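Working notes, structure below.
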Amino acid sequence: MIFLNLFLGTLVTTVGFWIIWGTGSPTMVFGWALAIGLFLWSQARSITAVWAWSTLLLGLESFAWPVTLMVQLRSTSTTPSEDEMGTILSAIVLGLFSSVFWISFAYGLFKRAQKLTGNFSGEEVLVEASARMTKPTKPRKS
């Protein structure tokens, strides 16, 4: 089951990369897919960890999309036209919105993966224990 999730996570991040570099060569896209697949394989402690890393990478790709679009448009002419400025504005708004969403989603998945594997620090355990001990209890009615 984890292999299916590794494949799907690699596919999702590769499609995100392909959207950013739409004019990129197939060799570059294949190299990215191979690198991401190997990275996810090395980080694959669980399905949650695979998707946490995949969504984090997708969030970083979403953040990089407007930047690469601006660089590409800047290289074609010195002053962008009104249509190009509209495209840049749309890319910035959508790119920032989606990057915040995917990075926040990845943060939640990382927290869930940490909770499931039991990698709590000693401080977290002490805080939870002290919160349980200081919790007021209702008096018993006889």
Side-chain angles (χ1 to χ4, degrees), residues 1-77 80-142:
M1 188 62 144
I2 198 161
F3 295 113
L4 175 65
N5 286 284
L6 277 168
F7 173 75
L8 292 174
T10 303
L11 182 67
V12 165
T13 54
T14 303
V15 167
F17 181 80
W18 178 66
I19 288 172
I20 291 173
W21 301 98
T23 59
S25 68
T27 307
M28 186 172 68
V29 174
F30 180 74
W32 177 260
L34 185 63
I36 292 302
L38 291 173
F39 175 74
L40 290 177
W41 176 266
S42 71
Q43 300 296 321
R45 308 280 184 258
S46 66
I47 293 172
T48 306
V50 169
W51 284 107
W53 281 107
S54 296
T55 54
L56 178 65
L57 290 169
L58 192 59
L60 295 175
E61 289 172 347
S62 298
F63 185 75
W65 175 51
V67 174
T68 57
L69 183 65
M70 285 187 280
V71 168
Q72 288 171 352
L73 290 177
R74 181 77 173 167
S75 65
T76 58
S77 65
S81 67
E82 285 188 34
D83 290 337
E84 290 173 337
M85 290 297 285
T87 303
I88 290 172
L89 180 63
S90 298
I92 289 172
V93 170
L94 290 174
L96 289 179
F97 175 76
S98 62
S99 68
V100 167
F101 172 78
W102 286 117
I103 290 173
S104 300
F105 194 77
Y107 175 76
L109 287 174
F110 278 118
K111 292 295 274 186
R112 181 171 187 237
Q114 181 184 22
K115 189 181 224 183
L116 291 176
T117 58
N119 291 337
F120 289 111
S121 68
E123 182 181 342
E124 290 174 358
V125 173
L126 289 175
V127 169
E128 285 183 28
S130 65
R132 276 189 249 138
M133 290 189 326
T134 59
K135 189 183 223 182
T137 57
K138 293 182 182 179
R140 294 185 182 182
K141 293 183 182 179
S142 333

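Keep in mind the model is a prediction, meaning the values are calculated, not measured.
No more than 12 heavy atoms of other residues, nucleotides or ligands shown are found within 6.0 angstrom of CE on Met85. Atom CZ of Phe63 has 12 or fewer neighbouring heavy atoms from other residues, nucleotides or ligands inside a 6.0 Å radius. Around OH of Tyr107, the count of heavy atoms belonging to other residues, nucleotides or ligands within 6.0 Å does not exceed 12. When the shell of 6.0 Å around CZ of Phe105 is examined, it contains 12 or fewer heavy atoms from other residues, nucleotides or ligands.
In terms of heavy-atom proximity, Ser54 sits nearest to Leu40 at OG-CD1, 3.5 Å. Summarising the geometry of Ala52 relative to Leu109, their closest heavy-atom pair is CB-CB, 3.6 Å, with the distance given to 0.1 Å. What you find for Val29 and Phe17 is that their closest heavy atoms are CA-CE2, 4.2 Å. Across all non-hydrogen atoms, the minimal contact from Thr10 to Gly37 is OG1-CA, 3.5 Å. Heavy-atom minimum distance, Ile2 versus Ser46: CD1-C, 3.8 Å. The minimum heavy-atom distance linking Pro66 with Ala91 is given by the pair CG-O, 3.2 Å.
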Please determine whether side-chain contact (heavy atoms from CB on, under 4.5 Å) holds for the pair Leu60 and Ile103, giving the CA-CA distance in whole Å, both sets of side-chain angles, and the decisive distance to 0.1 Å.
CA-CA 8 Å; Leu60 295 175; Ile103 290 173; 4.2 Å; yes
Step by step, would you call Leu8 with Trp51 a side-chain contact (heavy atoms from CB on, under 4.5 Å)?
CA-CA 9 Å; Leu8 292 174; Trp51 284 107; 3.8 Å; yes
Kindly indicate, with the supporting measurements, whether the criterion side-chain contact (heavy atoms from CB on, under 4.5 Å) is fulfilled by Glu61 and Trp32.
CA-CA 12 Å; Glu61 289 172 347; Trp32 177 260; 3.3 Å; yes
Stepwise side-chain contact (heavy atoms from CB on, under 4.5 Å) test for Trp65 and Leu94:
CA-CA 9 Å; Trp65 175 51; Leu94 290 174; 4.1 Å; yes
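The CD1 atom of Ile47 sits 8.5 Å away from the CG atom of Leu4 when rounded to the nearest 0.5 Å. In this structure, CG on Leu6 lies 12.0 Å from CD1 on Ile36, to the nearest 0.5 angstrom. Rounded to the nearest 0.5 Å, atoms CG (Leu69) and CD1 (Ile19) are 13.0 Å apart.
Classification of the Trp53-Phe110 ring pair by plane angle, with boundaries at 30° and 60°, yields perpendicular.
Using a 4.5 Å heavy-atom cutoff, the side chains of Pro26 and Phe30 are not in contact.
Side chain of Ser99 to main chain of Leu96: a donor-acceptor pair is present (N/O by atom type, distance under 3.5 Å, no hydrogens or angles).
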